[in-house]
Amino acid sequence: MTNVLDIYEERGFLEQVTEKTLVRKLLDNPTACYIGFDPTAKSLHVGSLLPIMSLVHLQRMGHRPIIVIGGGTGMVGDPSGKTELRRVMTRDEIEENVSALKKQLERFLDFDNDKAIIINNADWLTKLNYIDFLRNFGRHFSVNRMLTAESYRARMKTGLSFIEFNYMLLQAYDFWYLFKHHNCRLQMGGNDQWGNILAGEDLIRRLERETVHGITFPLLTTSTGIKMGKTHKGAVWLDPDLTSPYDYYQYWINQDDSDIGRFLALFTLLPMKEVNTLGGLEGAAIREAKKILAYEATKLCHGENEAQDARLAAKKLFGDSKSFDSESIPTFSINKQEFDVGTPAFILFEKSGLCKSRSEARRLISQGGGYVQDQKILSFDQIINTKNLEDSSHLLLRAGKKRYMKIEIS
RNA sequence: GGAGAGGUUCCCGAGUGGUUAAAGGGAGCAGACUGUAAAUCUGCCGGCAAAGCCUUCGGAGGUUCAAAUCCUCCCCUCUCCA
């Protein structure tokens, strides 16, 4: 049987490992492994996909993923990767997010019979007593050591508050808690978590004289060096209400050529043979690989049907024979009366959500980036009404080359 | 607690009484070129039915015909000292 570690290695998941031979040995047998997720938003986004995929592989190989939602640590704020003090969230906000995230993860992992579990660290962290905590756990942390951690060193210039400084202790405590209660001997996370993971490993060694392990993943940036998952609309969410499966599919298909091979390995479950073949494509042929990446990634997140719809919509909108009727193109409804009267183009663009403001819509159209039924709109205040429909039953607006919006008349 | 520096539009960062919706860079958007890619070039990049008007430079007041810029108080951050 293959060891997950080999899968990770082959697919490019590994950045740092505490000790490879020992981790491999550990993973020869079913193991509980934890990853923490921040409840700072009500949905996970593409940036969290890498850890999620790592758990998918883990579970497929017979191990047990433990997802820790940082409801407790979220109240403190992880300084890693942040240049500024994080906003402190209220308990209610966090609670709400915790349940939303749980739902999303269920798409990727099987939680039946506790094959994977989700827990909120607020359950144990909020019960801690300060003095007891200091005496029993705080004594094992050397401030001198902590200050050498990259995450803290980076903050020495810009400032670091005491509440954030404690984050590392809490995450270490998490690891210890999971070790005690769930026999968890492995923690994974983004490379910015390395220091926190080591702190936990260290704590468990001191308290329990046991060796546990950690793995970190590379922090993904696109080839252009930008953090993944941002578009002009903001983050790319896994929640279909925040980012439609159509947009999700489009996000993947628009990735840089040079990222495709790497992303296929990380974000799909295709066999590596296939990944390597697709990743080796060059020139325009890469588009085929992108289609597969987009389809597979959408399928994992939203299911097969949604992925097919998104693919079909893309084919219709971007293929040779353009057609404008597809189910999964983002749609905006307008009532018939209002439509018959007519609306200036820039207002329609703003209303439908294609543009964030009317000014933006004006600019777009003035610069020649606004289309109705594939016809360029010549002036921003051109009236759009029934006449533009021609034979069609609905209207298709386009912003730039790639963003579409279907207008339905109801 | 003391001394100093600072908080500017998504981010970085200029600006120290009118010519400032605020330089420059990054990100983003559009056009050209393409392959729904990258690179490159060009334009845009607070809002508004818009050659005008309105709102922005940590917050609240004040001086002035005129304030991001000057004064007062407050809040926050950093550096050094305790």
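Values reported hereafter were calculated over all heavy atoms of this structure, with side chains retained and with hydrogens, waters and symmetry mates removed. The chains referred to below are lettered A, B, ... by the order of the sequence lines, with proteins before strands, and numbering in each begins at 1.
- Within 4.0 Å of A:Gly370, counting heavy atoms only, lies no atom of the nucleic acid at all.
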Stepwise, does the salt bridge (charged side-chain N to carboxylate O under 4.0 Å, His left out) test hold for A:Arg403 with A:Asp247?
CA-CA 9 Å; A:Arg403 284 155 47 225; A:Asp247 285 330; over 6 Å; no
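- In this structure, NZ of A:Lys401 is placed 8 Å from P of B:A30, rounded to the nearest angstrom.
- Remark on RNA chain B: of its neighbouring residues A:Asn254 and A:Gly400, the 5'-side contact belongs to A:Gly400, judged by nearest-heavy-atom nucleotide.
- Between B:U69 and B:U19, the distance separating the two C1' atoms is 15 Å to the nearest Å.
- A distance of about 11 Å separates the C1' atoms of B:G59 and B:G7, rounded to the whole Å.
- Of all nucleotides present, none satisfies the Watson-Crick or G-U wobble test against B:U36 with each distance under 3.5 Å.
- Nucleotides B:G24 and B:A32, compared at atom C1', are 26 Å apart to the nearest Å.
- With a cut-off of 3.5 Å on both pairing distances, the Watson-Crick or G-U wobble partner of B:C73 is B:G59.
- Under the Watson-Crick or G-U wobble criterion, with both distances below 3.5 Å, B:C41 is paired with B:G31.
- Distance from the side chain of A:Ala284 is smallest for B:G35 among the nucleotides B:A37, B:A30, B:G35.
- Counting non-hydrogen atoms under 4.0 angstrom, A:Leu364 reaches the backbone sugars and phosphates but no base.
- Of all nucleotides present, none satisfies the Watson-Crick or G-U wobble test against B:A14 with each distance under 3.5 Å.
- Judged by Watson-Crick or G-U wobble contacts below 3.5 Å, the nucleotide B:A23 has no partner.
- Note on A:Asp202 versus A:Arg205: salt bridge recorded, some NZ/NE/NH1/NH2 to OD/OE distance being below 4.0 Å.
- A 3.5 Å limit on both hydrogen-bonding distances identifies B:U79 as the Watson-Crick or G-U partner of B:A3.
- Rounded to the nearest Å, the gap between the C1' atom of B:A60 and that of B:G52 is 31 Å.
- Following rounding to the nearest Å, A:Phe349 (CZ) and B:C29 (C1') show an atom-to-atom distance of 14 Å.
- Comparing the same atom, P, in B:A5 and in B:A14 gives a spacing of 16 Å after rounding to whole Å.
- Between the side chains of A:Gln187 and A:Gln193, no donor-acceptor pair is found at a separation under 3.5 Å.
- By the 30° and 60° cut-offs, the orientation of the rings of A:Tyr8 relative to A:His57 is perpendicular.
- If you measure from atom CD1 of A:Ile286 to atom P of B:G35, you get 13 Å, rounded to the nearest angstrom.
- The ring-ring contact (aromatic ring centres under 6.0 Å, His included) search around A:Phe141 returns none, not counting sequence neighbours.
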Strictly under 4.0 angstrom, non-hydrogen atoms only: write out the protein contact profile of nucleotides 42-54 of chain B, one letter per nucleotide from the 5' end, B, S or -.
-BSS-SBBB----
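- Atom-to-atom, CZ of A:Phe380 to C1' of B:A30 comes out at 17 Å; the value is rounded to the nearest Å.
- Ion pairing between A:Glu350 and A:Lys356 fails under the 4.0 Å rule for side-chain N and carboxylate O.
- Under the Watson-Crick or G-U wobble criterion, with both distances below 3.5 Å, B:A68 is left unpaired in every strand shown.
- Spacing between B:U55 and B:A66 at atom P, rounded to whole Å, works out to 15 Å.
- Using cut-offs of 30° and 60° for the angle between ring planes, the A:Trp252 and A:Tyr248 rings count as perpendicular.
- Regarding contacts with the backbone of B:C29, every side-chain N or O of A:Arg403 stays at 4.0 angstrom or more from both OP1 and OP2.
- Remark: side-chain polar atoms of A:Tyr34 are not paired, donor with acceptor, to backbone N or O of A:Cys184 under 3.5 angstrom.
- For B:G52, the paired nucleotide is B:C48, the pair qualifying as Watson-Crick or G-U wobble because both relevant distances are below 3.5 Å.
- Nucleotides B:A67 and B:C81, compared at atom P, are 42 Å apart to the nearest Å.
- Comparing A:Tyr371 and A:Gln250 against RNA chain B, the residue whose closest nucleotide sits nearer the 5' end is A:Tyr371.
- At a cut-off of 3.5 angstrom, the base of B:U36 holds no donor-acceptor pair with the side chain of A:Lys291.
- Per the geometry, CG belonging to A:Asp256 stands 14 Å off C1' belonging to B:U34, to the nearest Å.
- The aromatic ring centroids of A:Tyr173 and A:Phe133 lie less than 6.0 Å from each other.
- With C1' as the reference atom, B:C80 and B:C48 are 49 Å apart, rounded to whole Å.
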